[in-house]
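Since the structure comes first, as structure tokens, the remarks are kept for the end.
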Amino acid sequence: MHIVKNIILSFLSLVLLTAGFAVLLLYLDVGQSLIAWLGASVFVIAGIVLAIVWIAKAKDSKKKITNAVFLIASSILFWIFTLFLFGTNFLLYDVEYDMTEATELTPEEKLTYYRRLITGEDGSIDLATLDSKEINGITFYFAPGSEPLEEMEQLVDLVETNHPQLERELGGETDAPVSFVLYGEEFDMPIRETIEEEYSGFYKEHDQTIHLPLPIDEVAVIHEYTHHLFYSIAEERGMYSSEIPVWFAEGVATYLSEKDQALPFDPDYPIKYAAFEKLEHPGGWENHLSDPYSPYTQSRAFVEFLVNGKGEDILPRIFAEMEHSTFESSFKKVTGKILENYEAEFFAGFEQLSDLWKRADLLEYQHGKPEEALKIFLEIAETAPNLETVNHRIASLYREIGDYDNTNLYRQNELRLVNPESMTGLSNSYSYITQDLLFTDVSEAVKYAKMGVDSAGEWERAWSEKIFAEVSELANQVENGQPLKGYRGLLKGEDTITTLFSPREKANLIDTVLARYPEDLSANRTALIELKEQFEAELADQQ
């Protein structure tokens, strides 16, 4: 009976003390919990010492010896439980820091972690509660009764269209299955805790699911599908995703999904950059999502910098080499430089962009030296080739100096980088191309002028229609054997497509058309020559 009583008392004491210690740890950080555990350890040692003293004094008293044994056993168990609880508390902070670099956890957040630990839940949606449908080998999950068939077919088309190209870009192949979880009005997309905003999409490696909000954002789809292919190929090559720096995985995905989009950069408001060593793990990445940082932009820009300097095959070469060594070793072997040196070169280039930009503006607009301004903008393009404004300025400067092949090349780059949803930008780009084509191909100029009208918004329509009318009239004059008359009308008229041409561009245009139409010996030839002399005089006055 005495033993039973000891068992019950020891059990109750153990439960109460352990529960009390657990509640205390909910309010303590790692350092404070260590002090609390050391205090508990002193308490345990004192209990064991006390029990040993009882045993020494008990002599033949079995009752006292039994009490002492139970005290020792309870103390040891309590110490083991407190060690486990301390370790769990430490692990919670360690996990939280790895994921978000947060150094504080509220009692409620800790309880949520414990609940997930006990129940096995990870806080994500239970796919078993959703409806599903398989199309062409891809499984889709969605809210019961919703079945967004149009969006699912759109996703199938995006996957099948982009899969081969993405595999080529990554330098590997995989037939790993992928599933999509679609969030609509019935249930919301999860919130990204670090910035308190909904995810635009995310990929879960353990079950190979891509989570997306509706309606479908094609860039987000390609970004997350790139992650799926990237991590699947890595796994098949024997790599662990934890061995791949987050910035590299995200930089590759952002680069490949936004390849035809302009790099968001404003020389007057440059963003702040973080060393890549701070973006290697989830915690560092999440911690730099808020302004003034933009790790997605930074990582994409660095990948573009690599590709521009080393060629399109640089990414698959680094990725393939990682099968045999660490990322840092692979990077050095493939590029010939350690990451820190390449990173320093990249940062130095971006830090100089604003100063270079201002110097180029000064040379072009105040000193009238387009050739020197062009050299600077080409230097900027080496660091950031996918800046819409850089390609625009380079195209315009090539036109200024009379290099129309390169004008067309960079103007097409500009057009590729224009946001198609920005009707103003698209219409303006077509107008610039129309102006460029006056030097080379009038029939093509008419085609692009019409595209400018079709893409124009309310504010640009009148101007776009005027350009189309002028270029169409020029084309008619050319067809009727009076090309010089048509060009003379554009160059002499006010508020025409050539109004914003510089005197140098106007003089170049006259030289071009005179050489192109030598058979036209009308009075318009003499008039154009006189007009050219007038423009050259204006140019001389400016210098």
Side-chain angles (χ1 to χ4, degrees), residues 262 267 353 355-382 384-418 425 427-442 444-445 448-449 452 463 467 470-471 474 486-516 528-543:
L353 287 189
D355 291 337
L356 288 172
W357 203 291
K358 293 173 184 176
R359 197 191 327 160
D361 281 345
L362 193 66
L363 287 168
E364 180 182 2
Y365 297 129
Q366 295 191 25
H367 299 299
K369 298 180 178 179
E371 292 88 350
E372 295 184 27
L374 176 61
K375 290 179 182 178
I376 294 177
F377 276 114
L378 289 172
E379 182 181 344
I380 292 174
E382 291 180 3
N386 279 341
L387 287 179
E388 177 190 341
T389 47
V390 167
N391 284 276
H392 172 78
R393 296 292 292 275
I394 291 174
S396 297
L397 285 165
Y398 270 125
R399 189 177 74 190
E400 176 83 7
I401 65 176
D403 185 341
Y404 305 118
D405 289 338
N406 276 315
T407 297
N408 181 62
L409 173 64
Y410 282 92
R411 196 71 77 193
Q412 290 296 328
N413 283 346
E414 176 190 351
L415 180 62
R416 173 178 60 84
L417 297 170
V418 170
S427 178
N428 284 342
S429 292
Y430 286 135
S431 295
Y432 288 126
I433 295 175
T434 302
Q435 292 174 336
D436 299 337
L437 290 169
L438 292 178
F439 293 83
T440 56
D441 192 330
V442 175
E444 280 291 297
Y448 277 97
W463 172 245
I467 289 178
E470 290 176 352
V471 176
L474 173 62
Y487 275 102
R488 183 186 174 211
L490 285 182
L491 288 164
K492 280 188 67 67
E494 295 182 1
D495 196 26
T496 69
I497 189 174
T498 62
T499 300
L500 297 179
F501 280 11
S502 70
R504 181 173 182 174
E505 287 175 312
K506 292 177 181 179
N508 287 343
L509 180 56
I510 291 174
D511 281 338
T512 300
V513 298
L514 290 177
R516 187 187 304 154
L528 281 175
I529 292 173
E530 292 175 352
L531 199 56
K532 176 191 172 186
E533 292 173 353
Q534 176 185 328
F535 295 142
E536 288 176 337
E538 290 180 23
L539 183 61
D541 290 340
Q542 291 178 0
Q543 296 174 343

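Please read all numbers here as calculations on a predicted model, not as lab measurements. As a basis for the values below, the full set of heavy atoms in this structure was taken, side chains included, without hydrogen atoms, waters or symmetry mates.
To the nearest 0.5 Å, the span separating NZ on Lys358 from CD1 on Ile376 amounts to 13.5 Å. Taking CG from Leu438 and OH from Tyr487, the interatomic distance works out to 5.5 Å, rounded to the nearest 0.5 Å. Here Leu531 contributes atom CG and Glu536 contributes atom CD; the two are 10.5 Å apart, rounded to the nearest 0.5 Å. Distance check: Ile433 CD1 to Thr407 OG1 gives 11.5 Å after rounding to the nearest 0.5 Å. Within the model, atoms CG of Asp403 and CD1 of Ile394 stand 12.0 Å from one another, a figure rounded to the nearest 0.5 Å. To the nearest 0.5 Å, atoms OG1 (Thr499) and CD (Gln435) are separated by 9.0 Å.
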(Q) side-chain contact (heavy atoms from CB on, under 4.5 Å) for Leu374 and Tyr398? Distances and angles first, verdict last. (A) CA-CA 8 Å; Leu374 176 61; Tyr398 270 125; 3.5 Å; yes

Q: Give the intermediate values and the outcome of side-chain contact (heavy atoms from CB on, under 4.5 Å) for residues Asn508 and Glu400.
A: CA-CA 8 Å; Asn508 287 343; Glu400 176 83 7; over 6 Å; no

Q | Verdict with reasoning, Tyr448 to Arg411, per side chain to side chain donor-acceptor pair (under 3.5 Å) | A | CA-CA 12 Å; Tyr448 277 97; Arg411 196 71 77 193; over 6 Å; no

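Among residues two or more places apart in sequence or in another chain, the side-chain contact (heavy atoms from CB on, under 4.5 Å) test is passed with Glu371 by Ile401, Arg504. Applying the side-chain contact (heavy atoms from CB on, under 4.5 Å) criterion to Asp361, with sequence neighbours excluded, gives Trp357, Tyr365, Phe377, Arg393. For Asp511, the side-chain contact (heavy atoms from CB on, under 4.5 Å) partners are Lys532, not counting sequence neighbours.
No donor-acceptor pair closer than 3.5 Å links the side chain of Glu538 to the backbone N or O of Pro503. Side-chain N or O atoms of Thr434 include one that pairs as donor or acceptor with a backbone N or O of Ala449 at under 3.5 Å.
Between Lys375 and Glu372, none of the side-chain N atoms (NZ, or NE/NH1/NH2) sits under 4.0 Å from a carboxylate O, so this pair counts as no salt bridge.
Ring-centre distance between Phe439 and Phe501: below the 6.0 Å cut-off.
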